[in-house]
Amino acid sequence: MHSFVRKLAIAIVSVGLAGTAFADTPAKPEAKKEAPAKAAPKSLYDRLGGKDAITAVVKDFVGNVVADKRINKFFAKADGAKLTDHLVNQVCQATGGPCKYTGKDMKTAHKGMGIKEADFNALVEDLVKSLDKFKVPKAEKDELLGALGGMKGDIVEADAKMDVKTAPPATKK
Ligand code: HEM
């Protein structure tokens, strides 16, 4: 009887110790785990590299626009520094960044300028040049251009959009 109790006690203690020892053993590395399925998707703002990267691209882009003979007449009286600032904040905000765009809405800002689709496309080309220069990857480039493309309807004016086929015949003097 005594020996049974002793054996039982030893058994309990050793199980206890084994348990403790087990609990203290660092978990064995498990078979390679998949990356967490729901990693928070990074905003386009972050993927572009944040405000400094956006500022560098926008500055270069404004430089391209000012040098672009196809469209620089539009910007003859523009305040380059202010425009750059507005554009940086606009892009930053539109891509999920922490900035606040405080300029005019796109329709008001471009009203009466007579911007044609070709002008819009020229400006987009100038932006693409900068995005390529700064090696912005295709996915981010496409996403940004998609967002800006959505503004086209507010920037290109209806009359200016008419091409030769749809414009009314020019009246002769
Ligand atoms: C997606 C395309 C475009 C975006 C995102 C954009 C954005 C802006 C912004 C944020 C401003 C400043 C508004 C303010 O001062 O409150 C602005 C002004 C202006 N934009 Fe655009 N714009 C676009 C296309 C164009 C095009 C195609 C032209 C002409 C070819 C143009 C010509 C101008 C001019 C002349 C100003 C006034 C600049 C000044 O007086 O300082 N924009 N634009």
Side-chain angles (χ1 to χ4, degrees), residues 34-173:
E34 300 269 324
K38 285 231 164 167
K42 266 193 168 187
S43 65
L44 178 56
Y45 170 81
D46 283 331
R47 284 179 283 128
L48 286 170
K51 195 160 177 185
D52 288 350
I54 291 173
T55 304
V57 170
V58 168
K59 278 188 175 164
D60 190 71
F61 161 59
V62 170
N64 287 345
V65 168
V66 170
D68 187 341
K69 292 205 172 72
R70 297 172 295 177
I71 53 171
N72 59 8
K73 60 179 185 294
F74 287 100
F75 296 89
K77 290 187 201 143
D79 177 342
K82 196 174 129 211
L83 181 63
T84 301
D85 208 47
H86 273 320
L87 284 169
V88 168
N89 284 322
Q90 188 189 36
V91 171
C92 168
Q93 182 175 319
T95 54
C99 317
K100 183 126 186 65
Y101 172 66
T102 57
K104 296 173 186 146
D105 66 84
M106 289 298 92
K107 198 158 194 156
T108 310
H110 301 93
K111 199 174 162 66
M113 289 185 189
I115 297 171
K116 296 191 181 84
E117 194 151 1
D119 302 322
F120 187 90
N121 292 342
L123 178 129
V124 170
E125 259 179 53
D126 291 339
L127 176 59
V128 169
K129 262 192 214 166
S130 300
L131 293 169
D132 286 344
K133 182 169 168 184
F134 285 86
K135 303 201 165 17
V136 172
K138 188 176 184 322
E140 280 69 31
K141 195 165 78 176
D142 288 350
E143 216 172 307
L144 180 62
L145 293 174
L148 298 181
M151 299 172 182
K152 187 167 154 181
D154 285 339
I155 293 169
V156 172
E157 298 194 311
D159 288 345
K161 246 193 297 192
M162 282 195 276
D163 64 23
V164 270
K165 281 179 233 115
T166 54
T171 43
K172 282 189 185 148
K173 276 196 181 167

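Every number for a ligand or one of its atoms is a count from 1 in the order of the listing.
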Could you check atom 15 (O) of ligand 1 against the protein and tell me its nearest heavy-atom contact, residue, atom and distance included?
His86 CD2, 3.3 Å
Evaluate side-chain contact (heavy atoms from CB on, under 4.5 Å) for Lys51 paired with Val88, printing each intermediate quantity in order.
CA-CA 8 Å; Lys51 195 160 177 185; Val88 168; 3.8 Å; yes
To the nearest 0.1 Å, how far is atom 32 (C) of ligand 1 from its closest protein heavy atom, and which atom is that?
Phe75 CZ, 3.1 Å
Pull out every atom of ligand 1 sitting under 4.0 Å from any heavy atom of Tyr101, numbered as shown with elements.
10 (C), 13 (C), 16 (O)
Using 2.8 Å as the cut-off, count the protein N, O or S atoms closer than that to atom 21 (Fe) of ligand 1.
1
Student check: side-chain heavy atoms of Leu127 and Leu131 closer than 4.5 Å
yes
Drop me the distance from Thr102's OG1 to Asp85's CG, to the nearest 0.5 angstrom.
8.0 Å
Test applied, side chain to side chain contact (heavy atoms under 4.5 Å, CB included); reference residue, Val58; option that passes from Thr55, Asp60, Ile54:
Ile54
Look up atom NZ in Lys138 and atom CG in Leu145, then write down how far apart they are to the nearest 0.5 Å.
9.5 Å
Tell me the protein heavy atom at minimum distance from atom 30 (C) of ligand 1, and give that distance in Å.
Phe74 CD1, 3.5 Å
Donor-acceptor contact below 3.5 Å, side chain Tyr101 vs main chain Val91:
no
Using a 4.0 Å cut-off to any heavy atom of Ala78, which atoms of ligand 1 qualify?
38 (C), 39 (C), 40 (O), 41 (O)
Heavy atoms only, cut-off 4.0 Å: how does Gln90 contact ligand 1, side chain, backbone, both, or neither?
side chain
For Gly96 and Tyr45, work out which heavy atoms get closest and say how close.
C-CB, 3.9 Å
Gly112 backbone acceptor or donor facing Glu157 side chain under 3.5 Å
yes
Say you draw a straight line from NZ of Lys111 to NZ of Lys104; how long is it, rounded to the nearest 0.5 Å?
12.5 Å
Which residue and atom name correspond to the protein heavy atom nearest atom 16 (O) of ligand 1, and how close is it?
Lys104 N, 2.7 Å
To the nearest 0.5 Å, tell me how far Leu87 CG sits from Lys82 NZ.
11.5 Å
When distances are taken from atom 36 (C) of ligand 1, the protein heavy atom at minimum range is Met113 CE, 3.5 Å
With a 4.0 Å cut-off, would you call Asp105 and Lys107 a salt bridge?
no
Please confirm whether the backbone N or O of Lys116 pairs with a side-chain atom of Asp119, one donor and one acceptor, at under 3.5 Å?
yes
By number and element, which atoms of ligand 1 are closer than 4.0 Å to a non-hydrogen atom of Gly103?
16 (O)
The closest protein heavy-atom partner of atom 41 (O) of ligand 1 is Asp79 N, 3.2 Å
Quick one: which ligand 1 atoms are inside 4.0 Å of a heavy atom on Met151?
5 (C)
Any idea which atoms of ligand 1 are less than 4.0 Å away from a heavy-atom of Phe120?
1 (C), 2 (C), 27 (C)
